[in-house]
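A short worksheet on the structure shown next.
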Protein chains: 2
Amino acid sequence: MVEPTMSQPLSSSVGDYLKAVWGLAGHGVAAPKDLSSRLSVSSASVTEMLRRLQELGLVEYERYRGASLTEEGHAEALRLVRRHRLIETFLLEHLGYPWEEVHEEAERLEHAVSDNFTERVAQLLGHPDRDPHGAPIPGADGTLAREDSRPLSGAPVGDRVRILRVGREDAPALAYLEARGLVPGRVLRVEEVRALDGVVTVEDEDGVSHALGGVLAASVLVQGS
Amino acid sequence: MVEPTMSQPLSSSVGDYLKAVWGLAGHGVAAPKDLSSRLSVSSASVTEMLRRLQELGLVEYERYRGASLTEEGHAEALRLVRRHRLIETFLLEHLGYPWEEVHEEAERLEHAVSDNFTERVAQLLGHPDRDPHGAPIPGADGTLAREDSRPLSGAPVGDRVRILRVGREDAPALAYLEARGLVPGRVLRVEEVRALDGVVTVEDEDGVSHALGGVLAASVLVQGS
DNA sequence: ATCGTATTTTAGGCAAACCTAGAAAATCTT
DNA sequence: AAGATTTTCTAGGTTTGCCTAAAATACGAT
Ligand SMILES: [Mn+2]
Ligand SMILES: [Mn+2]
Ligand SMILES: [Mn+2]
Ligand SMILES: [Mn+2]
């Protein structure tokens, strides 16, 4: 089913656009505005690139609407996401990087490593299925495990939940969460979800309470414990 | 003494040009023709880039003669060489890459990794002073150990010598040498250096003889055992 | 010293990614 | 249904890094 158009390797810009479309919309349509702000690039640049990506057969693009990934584009995006997440795991586990620093390095390395490198790292790591932030690592065959989690901000008060994943990649937020032990695997009890301002208060296993703003709480993904 | 012009990071092209000047001439002057063939780039491109490198303060360039590295350019070249050689060592020792495949991967990764990454790898490896091909690894402070070796092609017949380094980076030659165990550390006895065609015959520790063409023998660097 | 060859530079182009400014289209508000 | 606002596209421009073809320079050999 996949076109055999294995021409030249794609540039890092192209790759980052594909990842952005995937991250924003999955199989759906990503709006130029959202791509522009996610990639920190002018909307003129987005328009231009989307046209090129369509030319390359990587997205389906409709003017004034946005772009969705073709099968080929989707496969390429997932391949990059796999690399990114494996590299993050490697940096943390083998090079001793702090949790909040792995993302930036991976963002560059994902474009420079070969498939050979990627698979050797996967093997070294024992083929993990989640990265240090709890995000699932796509398989080498392009499959991605279904996610079964809800944002902490929508958890019922009183519930015991386990952090499955942290859907953030900016260093300050990650450093803050790690300092409080709010990392994947941690079990919490939901004390309060305040309607007024969205602040969520939780108690961790050591009896310590943490209050998280609505936006931050929404990026902490949990599953019923 | 080093200018504090720590502006934006240099591109991989710029880095590869600097490494090429260094590899061809060290502190001396590298000719455009040699850069052109080493980098597989037209001479017009070389002229253009040398002008830019001068503009950036990385080389001193004289028309129709070539370019030599400034202090800053030299430092940058050595920094890349350090990365390259550490990465090669890491690929071999920790990811199980075959000897002849490490160079190509390192050639790309050297431009994508951070100093942080590099120094963490150095630590993981125990701060090695030679890479898998026997080439010395520059220190983080920009120092490079003096080399005390001679080409095998110029060794006196009858001498016992130890391979210190293999000055080649193309996969076929490396694969050939490794298949015969002609790698750094191996001790050989020089049986014949034929004036006629430069072919060098050596006997290894297991009593096996090897005949190497003049060009290949010149790239095998040895020291008196 | 001059000729012929090799090397280097110049001139002119091209593609990838970015940008700003302004026009056009879509969407939200009243 | 306008009008105002937001979003997107178009037009035109820049930088980096490469190219080919042709002119200029340097060098080696008679
Ligand atoms: Mn990440
Ligand atoms: Mn990236
Ligand atoms: Mn190498
Ligand atoms: Mn390189």
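Every heavy atom of this structure was used, including side-chain atoms; hydrogens, water molecules and symmetry mates were not. Every value quoted in this text rests on a predicted model; they were computed, and no experiment measured them. Each chain gets a letter, A, B and so on, in the order its sequence line appears, and its residues count up from 1.
E55(B) has its CD atom 12 Å from the P atom of dT15(D), to the nearest Å. Straight-line distance from the NE2 atom of H111(B) to the P atom of dG17(D): 12 Å, rounded to whole Å. Atom CG of L39(A) is separated from atom P of dT8(D) by 13 Å (rounded to the nearest Å). Going from atom CG of L35(A) over to atom P of dT7(D) covers 14 Å, rounded to whole Å. Here dT15(D) presents its P atom at 13 Å from CG of L56(B), a figure rounded to the nearest Å. At whole-Å resolution of the value, CG in L53(A) and C1' in dA17(C) are 12 Å apart. Counting to the nearest Å, the C1' atom of dT7(D) and the OH atom of Y64(A) are 9 Å from each other. Between the P atom of dT7(D) and the CD atom of E62(A) lies a distance of 18 Å, rounded to the nearest Å.
Ring-centre distance between Y61(B) and Y17(B): not below the 6.0 Å cut-off.
Contact annotation: S45(B) does not reach the phosphate of dC18(D) (side-chain N/O to OP1 or OP2, under 4.0 Å). Within the 4.0 Å cut-off from OP1 or OP2 of dC9(D), at least one side-chain nitrogen or oxygen of Y61(A) is found. Dashed line: the shortest gap from a side-chain N or O of S42(B) to OP1 or OP2 of dC18(D) is not under 4.0 Å. Phosphate proximity of dT8(D) to R65(A): absent, as no side-chain N or O sits under 4.0 Å from OP1 or OP2. Contact between the side-chain N/O atoms of S13(A) and the OP1/OP2 oxygens of dC18(C) is found at a separation under 4.0 Å. For dT9(C), neither phosphate oxygen OP1 nor OP2 lies less than 4.0 angstrom from any side-chain nitrogen or oxygen of R51(B).
Taking the charged nitrogens against the carboxylate oxygens, R85(A) and E110(A) have no contact shorter than 4.0 Å, which rules out a salt bridge. A salt bridge is absent between E48(B) and R51(B): the closest approach of a Lys/Arg side-chain nitrogen to an acidic carboxylate oxygen does not fall below 4.0 angstrom.
Comparing S43(A) and S12(A) by the nucleotide of DNA chain C that holds the closest heavy atom to each, the one mapping nearer the 5' end is S12(A). The 5' end of DNA chain C is approached more closely, in terms of each residue's nearest nucleotide, by A44(A) than by the other of A44(A) and R63(A).
Contacts of V46(B) with the nucleic acid, taken as non-hydrogen atoms under 4.0 Å apart, are absent.
Side-chain atoms of H103(A) and I87(A), non-hydrogen and from C-beta on, never get closer than 4.5 Å to each other.
When distances are taken from the side chain of S11(B) to each of dT16(D), dT9(C), dC18(C), the shortest belongs to dT16(D). Across dT9(C), dT8(D), dA17(C), the shortest atom-to-atom separation from the side chain of R52(A) is found for dA17(C). When distances are taken from the side chain of K33(A) to each of dT7(D), dT8(C), dC9(D), the shortest belongs to dT7(D).
Residue-to-nucleotide contacts include a donor-acceptor pair under 3.5 Å from the side chain of E48(A) to the base of dC18(C).
R165(A) pairs in a side chain to side chain donor-acceptor pair (under 3.5 Å) with only one of the listed residues (E147(A), H133(A), Q223(A)), which is E147(A).
Relative orientation of the H27(A) and H74(A) rings is parallel, given thresholds of 30° and 60° on the angle between their planes.
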